[in-house]
2 protein chains.
Amino acid sequence: MREKTERIVREWGDACDAEISIAVLGGAWKPSILSLLGEHEVLRFGELSRLLDEPTARVLTRQLRELEDDGLITREVYRQVPPKVEYRLSDLGLGSMPLIDALTAWGGQYAATQRSALDAAAPPASHKTPA
Amino acid sequence: MREKTERIVREWGDACDAEISIAVLGGAWKPSILSLLGEHEVLRFGELSRLLDEPTARVLTRQLRELEDDGLITREVYRQVPPKVEYRLSDLGLGSMPLIDALTAWGGQYAATQRSALDAAAPPASHKTPA
DNA sequence: CGGGATCCGTTTCGATACTG
DNA sequence: CAGTATCGAAACGGATCCCG
């Protein structure tokens with residue numbers, strides 16, 4: 001597993017298990033990567049890149065490596081020209097789907113309530129709002 | 001709400017709602033703060049500091065402000081000497097409890113499996129392990 | 001007691017250019 | 001196609017000192 005994750009798993013008390021989840025799932029694009037692999041079963045590097053908002057290869061590669069090091073996804077390399085690499089969820093990754101879904105659901109609700117608050121403060125030219 | 005959160009809520013597509021949750025809940029100590037407020041109902045600054053592992057006041061203050069700005073907790077100041085400040089969960093914060101619990105549960109499970117893996121690699125002087 | 005101000009090291013993200 | 005190497009900018013957590 002990642003050095004960072006190992007440190008956390010070793011040193012932290014049980015009081016903050018939630019922060020372990022965030023340490024593992026909380027990188028840029030990571031929840032989206034896991035969701036996409038949950039939907040599509042298997043995706044190649046380029047497919048993932050296109051389905052996300054085309055992050056730089058450097059960034060996407062690192063997130064994928066971290067997820068692999070933490071045991072959530074598997075990486076299969078086909079030694080051929082042109083190269084081909086397939087990513088899938090591992091069992092651990094599959095087990096994270098309910099949590100990912102919960103994060104998605106709460107985040108969506110939260111965003112909805114907050115957008116209402118924002119719109120109330122600065123109405124977006126909708127019905128009944130004074131011009 | 002926090003500028004960062006507002007940016008995310010405004011700009012991000014619905015594809016990555018999970019990352020909204022992580023943006024809101026993912027700071028240092030934040031899940032622990034929310035858990036503690038869930039258990040204790042109301043806590044003062046110093047009580048929180050002691051229940052956590054005594055983070056620096058600077059850090060704790062900022063996490064609390066961010067949670068307040070994002071609408072998850074409330075802050076009540078008693079203008080007296082010595083000062084007294086009480087923190088509680090808001091309705092939004094209460095609504096995050098199931099998610100916090102889910103994060104805690106998954107993180108705990110994950111840590112357990114990973115610790116097993118670590119122990120298998122480097123056994124900690126337990127039964128049957130060669131000296 | 002509950003912070004604010006200042007400073008600093010690390011981590012992290014992202015852009016650009018290059019490669020087997 | 002699926003990366004790697006190098007660089008820069010910013011965010012973040014933390015230590016230290018000071019204050020009403």
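In the text below, chain A, chain B and the rest are named by the order of the sequence lines, each starting its count at 1. Remember, it's a predicted structure, so these values are computed and weren't measured experimentally.
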Distance check needed: C:dG2 C1' versus B:Arg44 CZ, whole Å only. 9 Å
Let me know the distance between CG of A:Leu64 and P of C:dT12, rounded to the nearest Å. 16 Å
Specify the closest pair of heavy atoms between A:Leu89 and A:Met97, including all atoms of both residues, with the distance to one decimal. CD1-CE, 3.8 Å
When the distance from CD of B:Glu19 to P of C:dC13 is rounded to whole Å, what number comes out? 10 Å
Starting at atom CD1 of B:Ile8, determine the distance to atom P of C:dC13, rounded to an integer number of angstrom. 12 Å
Say you draw a straight line from CD1 of A:Ile20 to CG of A:Leu25; how long is it, rounded to the nearest 0.5 Å? 11.5 Å
Side-chain N or O of B:Gln63 less than 4.0 angstrom from OP1 or OP2 on D:dC12? no
Which residue lies more 5' along DNA chain C, comparing A:Glu66 with B:Lys84 via nearest heavy atoms: B:Lys84
For atom OH of A:Tyr87 and atom C1' of D:dG3, their distance in whole Å: 8 Å
For a quick check, with a 4.0 angstrom heavy-atom cut-off, what is the B/S/- contact string for nucleotides 14-20 of chain D, read 5' to 3'? BB----B
Looking at B:Lys30 and B:Glu66, is there a salt bridge between them, counting it only when a charged N and a carboxylate O are closer than 4.0 Å? yes
Presence of A:Lys4 side-chain N/O under 4.0 Å of C:dT12 phosphate oxygens OP1/OP2: yes
I need the CZ-P distance between B:Arg2 and D:dA11, as an integer number of Å. 12 Å
Does anything in residues 78-96 of chain B form a side chain to side chain donor-acceptor pair (under 3.5 Å)? List the pairs, not counting sequence neighbours. B:Arg75-B:Tyr87, B:Tyr78-B:Glu86, B:Glu86-B:Arg88
Can you tell if the side chain of B:Val85 reaches within under 4.5 Å of the side chain of B:Leu64, non-hydrogen atoms only? no
Of all heavy-atom pairs between A:Gly108 and B:Asp17, which one has the smallest distance, and what is that distance? CA-OD2, 3.3 Å
Note down the inter-axis angle between the two ends of the helix from C:dC1-D:dG20 to C:dG20-D:dC1, five pairs each, to the nearest 10°. 50°
Within the 4.5 Å heavy-atom criterion, are A:Leu48 and A:Leu51 side-chain neighbours or not? no
Could you tell me whether a side-chain N or O of B:Ser49 sits under 3.5 Å from a main-chain N or O of B:Phe45, the two making a donor and an acceptor? no
Minimum side-chain heavy-atom gap A:Trp29-A:Asp53 below 4.5 Å: yes
Is the distance from OP1 or OP2 of C:dG3 to the nearest side-chain N or O of B:Arg75 less than 4.0 Å? yes
Take the protein atom CZ of A:Phe45 and the nucleotide atom P of D:dA2, then report the distance between them rounded to whole Å. 8 Å
In whole angstrom, give the distance that lies between atom CG of B:Leu52 and atom P of D:dG13. 14 Å
